[in-house]
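Before any comments, here is the structure.
So that the names make sense, note that chain A is the first sequence line, chain B the second, and so on, each numbered from 1.
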Amino acid sequence: MGKSVQKITENVSLIASADTWIEGLAIQQLIKTSELSGMHRVAGMPDLHPGRGYPIGAAFFTLNKIYPALVGNDIGCGMSLWQTSAKVSKVNLEKLAKKFEHVELPLDESWSSIIENRKSEKCITTDNYDRALGTIGGGNHFAEFQAINEVYDQKALDELGLNKKHLQLLVHSGSRGLGQSILVEHITKHNHDGLGFNDEDFQDYMAKHDEAVRWAELNRELIARRFLEAIRANGNCALDINHNLVSAKNIDGSDGWLHRKGATPSDKGYVVIPGSRGDYSYLVKPISGNEATAENLNKSLFSLAHGAGRKWKRGECHGRLGHKYKREDLYRTALGSRVVCGNKELLYDEAPQAYKKCETVISDMVDAGLIEVVAKLRPVLTFKTNGDCSS
DNA sequence: ATGTCC
């Protein structure tokens, strides 16, 4: 069990077994980040990979200041899982693939009352990014229809209201331009410096950050609702979990601030850890607070992987895959799923080959005593973008 | 990651 929790330095842990491949640069970034002033403890997840200066797939616990740059631009990014009323057995992949022509446009007037109501319920006052509400965005964001492939804990599935016969919908998106604008405002004024609790901009950042988190949640809800409408189905949200945010937390007796950058909370109930679009995703139950795992929970900063983790950098994937795979080859995956992605670079950047095998990431967290697997989800159709096919 | 970029 202890073998999947590595001690990198006195205050840096890595939740990964020795044979899980993690890029050296990511470890360097993890250690460097642990040396920031006020940093108390850092934890890398098994999907750790390099970012711009700071690693992705990690949690950072500070005592008396926050670092907006560690949260990054996509404040509130996360995963929501919806069960649709559609039946897996009725799916026709090519028919399904044609139903998403309009899901990237700003939501039309038929949505304005639900948008207004939900914004008011969630205390979202900004209107500046209304045009982006209900849109997935780029990068690793997606909407994916999935089938429950294997069940390991039927009771947990029942608790979540999930039924194997129904098609599931997993949405990965965040706060789009809103989060970006909040980060840019901070960087413009403070560079990458943190904000102490008594700094005048502390409360201002936190208020904007918290609103961006709520905006991102609403964004995923609207994405799910418009995809449900596109396939003429109903649906229920089973879970919605943020993996990019900073929040107050008491860890091992210390009050502080827990930054998560591509790190899924293990203290918010069931979560989905998605594999690449050509791999299974895992619905898991975080293990909370028995004696055997208490120390590992502290070392992991109550966090889990947020996915399989990139193996290859964005931008280098086309070069690595272009010889072997034509564009058409990537519209289907080894698990028989369909990919809708009209943007060529994105098609290669997010190819299954660019990611690690999700199973190793999952088994590292099982071995660390952090999770139990509830079910394995098989991709059916991954929507990225209708895109610009000319590029 | 980005109402993305020269």
Side-chain angles (χ1 to χ4, degrees), chain A residues 26 29 33 45 47-58 60 67-80 102-108 111 115 124 126-143 171-188 192 205 208-209 211-213 215-220 222-223 226 242-246 259-264 274 276-277 306-310 312-318 341-350 354-355 383-391:
Chain A
Q29 291 181 337
T33 308
M45 302 298 127
D47 61 334
L48 186 79
H49 59 277
R52 293 189 173 182
Y54 312 113
I56 297 155
F60 314 98
Y67 284 95
L70 288 181
V71 177
N73 63 319
D74 199 4
I75 301 163
C77 186
M79 298 281 169
S80 64
H102 305 294
V103 295
E104 290 172 284
L105 299 168
L107 289 166
D108 65 27
W111 293 85
I115 290 174
I124 295 168
T126 182
D127 301 321
N128 293 344
Y129 295 87
D130 281 1
R131 283 174 57 81
L133 262 181
T135 63
I136 297 173
N140 58 359
H141 291 170
F142 61 80
V171 175
H172 178 203
S173 189
S175 56
R176 314 283 278 106
L178 174 60
Q180 166 85 346
S181 73
I182 295 166
L183 177 66
V184 166
E185 188 186 353
H186 173 78
I187 300 274
T188 304
H192 284 221
Y205 173 80
K208 287 173 174 160
H209 163 283
E211 182 173 4
V213 167
W215 194 101
E217 289 165 356
L218 177 57
N219 189 35
R220 287 188 290 275
L222 291 167
I223 291 165
R226 84 186 306 186
N242 300 303
H243 56 230
N244 281 2
L245 76 168
V246 54
H259 305 66
R260 289 185 171 105
K261 175 64 177 173
T264 301
S276 75
R277 69 190 185 209
H306 78 312
R310 290 200 81 88
W312 298 344
K313 279 197 272 293
R314 282 202 182 99
E316 72 177 28
C317 302
H318 193 181
C341 183
N343 179 292
K344 192 159 82 174
E345 284 317 304
L346 207 48
L347 187 63
Y348 285 96
D349 278 348
E350 297 299 313
Y355 285 85
F383 182 92
K384 297 291 291 178
T385 177
N386 290 310
D388 169 12
C389 296
S390 65
S391 63

Can you name the side chain to side chain contact (heavy atoms under 4.5 Å, CB included) partners of A:L183, sequence neighbours left out? A:N73, A:I187

Closest approach of A:A69 to A:H192 (non-hydrogen atoms, all atoms of both residues): CB-ND1, 3.8 Å

Residues passing the side chain to side chain contact (heavy atoms under 4.5 Å, CB included) test with A:H49, sequence neighbours excluded, are A:I56, A:H306, A:R310

Rounded to whole Å, CZ of A:R131 lies from C1' of B:dT2 at a distance of 15 Å

Base, sugar-phosphate or nothing for A:R176? Non-hydrogen atoms, less than 4.0 Å. sugar-phosphate

Kindly assign one of parallel, tilted or perpendicular to the pair A:Y348 and A:H318, based on the angle between their ring planes and the thresholds 30° and 60°. parallel

Calculate the interatomic distance between A:Y129 atom OH and B:dT2 atom C1'; express it in whole Å. 10 Å

All N/O contacts under 3.5 Å from nucleotides 4-6 of chain B to the protein, with atom names and distances to one decimal?
none

Sort out for me which residue in A:K261, A:H141, A:Q180 forms a side chain to side chain donor-acceptor pair (under 3.5 Å) with A:D74. A:H141

Examine distances only and state if a side-chain atom of A:N244 and a backbone atom of A:G262 form a donor-acceptor pair shorter than 3.5 Å. yes

Tell me what A:G179 touches on the nucleic acid: a base, only sugar-phosphate, or nothing, going by heavy atoms under 4.0 Å. nothing

By the 4.0 Å heavy-atom rule, please label A:G72 as base, sugar-phosphate, or nothing. nothing

With a non-hydrogen cut-off below 4.0 angstrom, is A:G138 in contact with a base, only sugar-phosphate, or nothing? sugar-phosphate

